[in-house]
Amino acid sequence: MRFNERLELLAVCLLVPIALALLPGDRVFRMIRSTPARRRSTAKPLALARAVDGVLHALPFVWHWTCLRRAVTLAVLLRRHGLAADVVIGVRRGNDGGLEAHAWLACGGVEPYLEAGDTKRFTPLRPRARIA
């Protein structure tokens, strides 16, 4: 990954969680949809995902890793690198009867995209919000 791509990754990891915390979700998704793709990219999607995970796991407070922060941040970066991605938010009943939620990506017909976790037990809240 080139220096400017690393700098962009850090900036997105810092800004997206702030936007998620302060702005309504539909506004964040509109902003993401308007994110322009870069002309050339050398980054690999798996490398982007690992880098996003590393940065978000290292940051405190509002920036710390959650599945939603990861999915939206990674969707922005994938958009910048020319890949269309959908953020999927699903829910399920936990063992204690409580509601559990999880966010992940769908991209290029692959779901979950760049995630090892099992999402099959989650039911999407609504049709996917296309953000890239």
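Just the heavy atoms: all of them, side chains too, but no hydrogens, waters or symmetry mates, feed the values below. Computed from a predicted model, the values in this text were never measured in an experiment.
Closest non-hydrogen pair, Tyr113 versus Pro45, comes out as OH-CB, 3.5 Å. Nearest heavy atoms, His102 versus Thr119: CD2-CG2, 3.8 Å. Heavy-atom minimum distance, Leu23 versus Met31: CD1-SD, 3.9 Å.
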Any chance you could lay out the side-chain contact (heavy atoms from CB on, under 4.5 Å) test for Leu10 and Val12, step after step, and finish with the verdict? CA-CA 6 Å; Leu10 182 59; Val12 172; over 6 Å; no
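Checking Val55, Thr73, Ile18 one by one against Trp63, the side chain to side chain contact (heavy atoms under 4.5 Å, CB included) holds for a single residue, Ile18. For the salt bridge (charged side-chain N to carboxylate O under 4.0 Å, His left out) with Glu100, the qualifying choice from Arg121, Arg93, Arg92 is Arg92, the only one to do so.
Here the CG-SG distance, from Leu56 to Cys13, works out to 4.5 Å after rounding to the nearest 0.5 Å. Atom CG of Leu83 is separated from atom CG of Leu48 by 8.5 Å, given to the nearest 0.5 angstrom. Atom CD of residue Glu111 and atom CG of residue Asp86 lie 8.0 Å apart, to the nearest 0.5 angstrom. Rounded to the nearest 0.5 angstrom, His64 NE2 and Leu59 CG are separated by 9.0 Å.
Leu22 is connected to Val28 through a chain of hydrophobic side-chain contacts under 4.5 Å among Ile, Leu, Val, Met, Phe, Trp and Tyr, so both are in one cluster. A single hydrophobic cluster is not seen to contain both Phe3 and Leu9; linkage of ILVMFWY side chains at heavy-atom distances under 4.5 Å, directly or through other members, places them apart. Leu15 and Phe29 are assigned to two separate hydrophobic clusters, defined by single-linkage of ILVMFWY side chains at heavy-atom distances under 4.5 Å. Hydrophobic clustering (side-chain heavy atoms under 4.5 Å, transitive across Ile, Leu, Val, Met, Phe, Trp, Tyr) groups Val110 together with Val72. Hydrophobic clustering, with ILVMFWY side chains joined whenever heavy atoms are under 4.5 angstrom apart, groups Val52 together with Leu46.
Applying the side-chain hydrogen bond (donor to acceptor under 3.5 Å, both in side chains) criterion to Arg2, with sequence neighbours excluded, gives no partner residue. Residues forming a ring pair (Phe, Tyr, Trp, His ring centres under 6.0 Å) with His81 (at least two apart in sequence, or on another chain): none. Residues passing the salt bridge (charged side-chain N to carboxylate O under 4.0 Å, His left out) test with Arg80 are Glu8, sequence neighbours excluded. Annotation: ring pair (Phe, Tyr, Trp, His ring centres under 6.0 Å) contacts of His57 (sequence neighbours excluded): Trp65. Among residues two or more places apart in sequence or in another chain, the side-chain hydrogen bond (donor to acceptor under 3.5 Å, both in side chains) test is passed with Arg30 by Asp26.
A 6.0 Å sphere centred on CG of Asn95 holds no more than 12 heavy atoms belonging to other residues, nucleotides or ligands.
Between Leu68 and Trp104 the shortest side-chain heavy-atom distance does not fall below 4.5 Å. Residues Leu78 and Val76 are not in side-chain contact: their nearest non-hydrogen atoms beyond the backbone lie 4.5 Å or more apart. Here the side chains of Leu114 and Leu74 are in contact, with some heavy-atom distance below 4.5 Å. Contact annotation: the side chain of Phe61 never approaches that of Pro17 to less than 4.5 Å [non-hydrogen atoms, C-beta and beyond].
Screening residues 52-77 for salt bridge (charged side-chain N to carboxylate O under 4.0 Å, His left out) gives Asp53-Arg70 as the qualifying pairs, with residues at least two apart or on separate chains.
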